[in-house]
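Throughout, numbering of the chain's residues begins at 1 and tracks the sequence.
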Amino acid sequence: MIVSEGHIGRVFVLRLSDGDRIPDAIEAFAASREVTSAVVLALGGLENGRLVVGPEDGRVLPPNPMLAAIGAVHEAAAVGTLFPTAHHGKPTLHMHAVLGRGEETRAGCVRPGLDVWKIFEVVVIEILGIELARAHDPETGFNLLGWAPL
């Protein structure tokens, strides 16, 4: 287990608009306000993109991600974390979302990108005093939180 204790800093509420791209819009906002570590909560409509819906085989590392195409508008609720990358210090969002349309529901990571449909309300809760960064782990293929230097 890796633990770093911090405290809450600023709190931002964003209303993203039709066509804004997730995760790009949230990462750009964070960079513009110098938010490097945060909890991110969001809800609204998403469409046109892809969602990582699991590894093809959970025993194989690094995993080969399964991607689901999202075309039509879906209702979405999402939660994520924002931490800097170890090499560049760029705030990077790791967000998972549940998307629903009619009787169909999908859950997964938004990293490949999705477009906002009309509105996406986002709350960014800044965490101060955290000494963690995301660094690429060659064994798992993931960008993991750790004590990596910035």
In one Ile/Leu/Val/Met/Phe/Trp/Tyr side-chain cluster, 4.5 Å: F83, I2
yes

Heavy-atom pair of closest approach, residues G6 and I130:
N-CD1, 3.7 Å

Membership question, hydrophobic clusters at under 4.5 Å side-chain separation (ILVMFWY): are V110 and L43 in the same one?
no

If only atom types and distance count, is the side chain of D24 paired as donor or acceptor with the main-chain N or O of R21 below 3.5 Å?
no

Which atom of A68 lies closest to which atom of V53, heavy atoms considered:
CB-CG1, 3.7 Å

Using side chain to side chain contact (heavy atoms under 4.5 Å, CB included), reason through L14 and V123 one step at a time and then give a plain yes or no.
CA-CA 6 Å; L14 293 65; V123 178; over 6 Å; no

A107 and L51: which non-hydrogen atoms are nearest, and at how many Å?
C-CD2, 4.0 Å

Is it the case that the side chain of T92 and the backbone of K90 share a donor-acceptor pair, with hydrogens and angles ignored and the cut-off at 3.5 Å?
yes

Taking the side chain as every heavy atom from C-beta outward, state whether V52 and P112 have any pair of such atoms under 4.5 Å apart.
yes

First locate atom CG of D20, then atom CG of L46, and finally report the distance between them rounded to the nearest 0.5 Å.
11.0 Å

Just by modelled atom types, is the V73 backbone N or O under 3.5 Å from a matching donor or acceptor in the R101 side chain?
yes

Write down the atom of I70, the atom of R106, and the distance for their closest heavy-atom approach.
CD1-CD, 4.0 Å

What about F12 and L16, same hydrophobic cluster or not, with Ile/Leu/Val/Met/Phe/Trp/Tyr joined at side-chain heavy-atom distances under 4.5 Å?
yes

CG of L128: more than 12 outside heavy atoms within 6.0 angstrom?
yes

Kindly determine whether L114 and L99 satisfy side chain to side chain contact (heavy atoms under 4.5 Å, CB included), including the steps that lead there.
CA-CA 11 Å; L114 293 158; L99 281 71; 4.3 Å; yes

When rounded to the nearest 0.5 angstrom, what distance separates CD1 in I26 from CZ in F120?
6.0 Å

Distance from D18 atom CG to E47 atom CD, nearest 0.5 Å?
6.5 Å

Do E104 and H74 pass the side chain to side chain contact (heavy atoms under 4.5 Å, CB included) test, and can you show the C-alpha distance, the side-chain angles, and the key distance before you say yes or no?
CA-CA 9 Å; E104 181 180 302; H74 285 66; 4.0 Å; yes

Looking at T36 and P91, would you say the former's side chain and the latter's main chain have a donor-acceptor pair under 3.5 Å?
no

Is any side-chain heavy atom of S37 closer than 4.5 Å to one of P84?
yes

Do R111 and E27 meet the salt-bridge criterion of a basic N to acidic O distance under 4.0 Å?
yes

Quick one: pull up OG in S4 and CD1 in I127 and give me the separation to the nearest 0.5 Å.
9.0 Å

For L93 versus L82, what's the shortest heavy-atom pair and its separation?
N-CD1, 3.7 Å

Is atom CD of E56 surrounded by more than 12 heavy atoms (other residues, nucleotides or ligands) closer than 6.0 Å?
yes

Rounded distance [0.5 Å steps], CG in N143 versus OG1 in T85
8.5 Å

Identify whether M95 and V116 are in the same connected component of the hydrophobic contact network (ILVMFWY, side-chain heavy atoms under 4.5 Å).
yes

List the atom of A78, the atom of A97, and the distance in Å for their closest heavy-atom pair.
CB-CB, 3.7 Å

Checking T81 against V40 for the side chain to side chain contact (heavy atoms under 4.5 Å, CB included) test, could you report, in this order, the C-alpha distance in whole Å, the side-chain angles of both residues, the deciding distance, and whether it holds?
CA-CA 6 Å; T81 58; V40 182; over 6 Å; no

Once you round to the nearest 0.5 Å, how far does CG of L144 lie from CG of D137?
4.5 Å

So if you build clusters from Ile, Leu, Val, Met, Phe, Trp, Tyr with side-chain heavy-atom gaps below 4.5 Å, do I8 and V13 land together?
yes

Is the number of heavy atoms from other residues, nucleotides or ligands under 6.0 Å of R10 CZ greater than 12?
yes

Using modelled atom types only, decide if a donor and an acceptor are shared between the side chain of H88 and the backbone of A86 within a distance under 3.5 Å.
no

